[in-house]
Amino acid sequence: MRLFAWMALAASLFALGGCYFDNPLTGGSSKEINTWLLGVWEHRDEKGRVARAQVTPISDDRYFVAFARPGKTSRDVKNYEFEAWPSRVGDTVFLTLKCLSSPGDIPTGAHVFVQAQLLDQNNARLRGLQIDLPPTASSFELRREVRRKLKDRSLYPAESTDWKRVAEVFWSTDGQDPAFTPIRNPTY
């Protein structure tokens, strides 16, 4: 099944579409979150439309991803919310995103998976996974398929999306909005 990357960096984290699964890649986090993924990320498509994902920490091993992507008109924006965590399969780390809310195209509780690659401190590339299993596949079956496709180099479709960090996020203990600017060491 095919998922075009988000992200969700969740995502965008992320332009979502394609397949979702009933079960996560891993039941829980395989490692702590990567704080370099925290922030507000934007992706501009070939028509100039902007998708935005805000990735904030829930805990030391979970993210919250609020993702907005443009619809057919400039006023039509689709909003998604995900809980996400790192899922290690072999030596590769993916993001498992559990849908908390969507405009209806992804059921609540369904899971999507992406691989996030940080190109530098303010740029990331997201790739969806080409998983040819039914939505009811178990976590074990999903991991087995991912390992097989990693080995034969067929896990990732040719498409990927590049994202630019436009604001940083930090751990907030006083209840303030966690987004702020400027970006650390801006290059523009």
Side-chain angles (χ1 to χ4, degrees), residues 1-39 41 43 51 53-67 69 80-100 102 105-121 123-163 165 169:
M1 301 216 159
R2 195 170 180 136
L3 165 74
F4 292 104
W6 151 76
M7 186 204 85
L9 261 144
S12 356
L13 300 26
F14 317 29
L16 288 176
C19 294
Y20 49 82
F21 295 90
D22 296 342
N23 294 299
L25 199 53
T26 58
S29 181
S30 299
K31 58 183 283 181
E32 291 185 352
I33 63 172
N34 181 348
T35 58
W36 283 95
L37 293 177
L38 302 178
W41 297 86
H43 167 72
Q54 181 172 345
V55 181
T56 56
I58 294 175
S59 66
D60 63 348
D61 65 351
R62 301 271 173 162
Y63 304 95
F64 175 77
V65 179
F67 173 62
R69 71 178 174 106
Y80 302 80
E81 292 182 344
F82 297 94
E83 179 180 354
W85 58 89
S87 293
R88 181 180 298 276
V89 178
D91 292 333
T92 307
V93 177
F94 303 96
L95 291 176
T96 294
L97 294 101
K98 180 179 181 180
C99 183
L100 302 175
S102 81
D105 50 350
I106 300 175
T108 300
H111 299 87
V112 294
F113 315 117
V114 296
Q115 194 266 335
Q117 175 188 7
L118 288 166
L119 303 174
D120 60 36
Q121 66 186 12
N123 294 285
R125 179 166 293 143
L126 292 176
R127 296 186 289 183
L129 309 183
Q130 174 107 16
I131 300 176
D132 302 316
L133 291 174
T136 56
S138 69
S139 295
F140 175 78
E141 292 169 320
L142 289 165
R143 287 190 305 275
R144 184 177 60 202
E145 179 75 354
V146 166
R147 280 188 195 95
R148 184 185 71 75
K149 287 186 161 262
L150 279 169
K151 187 175 181 178
D152 70 13
R153 299 178 186 248
S154 66
L155 183 61
Y156 307 112
E159 298 86 1
S160 64
T161 57
D162 288 344
W163 292 78
R165 186 192 328 257
V169 168

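Just so you know, residue 1 is the first one in the sequence shown, and it goes up from there. Side chains are part of it too, since the values below use all heavy atoms of this structure and drop only hydrogens, waters and symmetry mates.
- Considering only heavy atoms from C-beta on, P86 stays 4.5 Å or farther from N34 through its side chain.
- Considering only heavy atoms from C-beta on, L150 comes within 4.5 Å of Y156 through its side chain.
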For this session: Run the numbers on I106 and F82 for side-chain contact (heavy atoms from CB on, under 4.5 Å), then give the verdict.
Result: CA-CA 11 Å; I106 300 175; F82 297 94; 4.3 Å; yes
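- Among F94, F21, Y20, the one residue that satisfies the ring-ring contact (aromatic ring centres under 6.0 Å, His included) test with F113 is F21.
- Put simply, the side chain of R148 does not reach to within 4.5 Å of the side chain of K151, judged on heavy atoms.
- Here the side chain of H111 pairs no donor or acceptor atom with the backbone of K98 at under 3.5 angstrom.
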For this session: Apply side-chain contact (heavy atoms from CB on, under 4.5 Å) to the pair T56 and Y63, showing each step before the final yes or no.
Result: CA-CA 6 Å; T56 56; Y63 304 95; over 6 Å; no
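- By the 4.5 Å heavy-atom criterion applied to side chains, L37 and L118 are counted as neighbours.
- Here SG of C19 is found 11.0 Å from CG of L129. Values are rounded to the nearest 0.5 Å.
- E81 CD to C99 SG: the interatomic distance, rounded to the nearest 0.5 Å, is 9.0 Å.
- A donor-acceptor contact shorter than 3.5 Å links the side chain of W85 to the backbone of T26.
- Once rounded to the nearest 0.5 Å, the distance linking OG of S139 with CG of N23 reads 4.5 Å.
- When all heavy atoms of S160 and R125 are compared, the closest pair comes out as OG-CD, 3.5 Å.
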Exercise. Could you walk me through whether L155 and V146 pass the side-chain contact (heavy atoms from CB on, under 4.5 Å) check?
Worked result: CA-CA 7 Å; L155 183 61; V146 166; 3.9 Å; yes
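- Within the 4.5 Å cutoff, the side chain of R147 has heavy atoms near those of the R143 side chain.
- Closest heavy-atom contact between R62 and G28: NH2-CA, 3.7 Å.
- Residues W163 and L119 form no side-chain contact, since every pair of their non-hydrogen atoms from C-beta on lies 4.5 Å or further apart.
- Put simply, the side chain of F64 reaches to within 4.5 Å of the side chain of L100, judged on heavy atoms.
- Within the model, atoms CG of L133 and CD of E141 stand 6.5 Å from one another, a figure rounded to the nearest 0.5 Å.
- The side-chain contact (heavy atoms from CB on, under 4.5 Å) with S87 is formed by just one residue from the set L142, V93, T96, L95; it is T96.
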Exercise. What do the steps show when you test W36 against D120 for side-chain contact (heavy atoms from CB on, under 4.5 Å), and what is the final call?
Worked result: CA-CA 9 Å; W36 283 95; D120 60 36; over 6 Å; no
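- Closest approach of D152 to K149, counting heavy atoms only: OD1-O, 3.0 Å.
- With values rounded to the nearest 0.5 angstrom, Q115 atom CD is found 7.0 Å from T92 atom OG1.
- Residues K31 and D61 come closest through the heavy atom pair O-CB, 3.8 Å.
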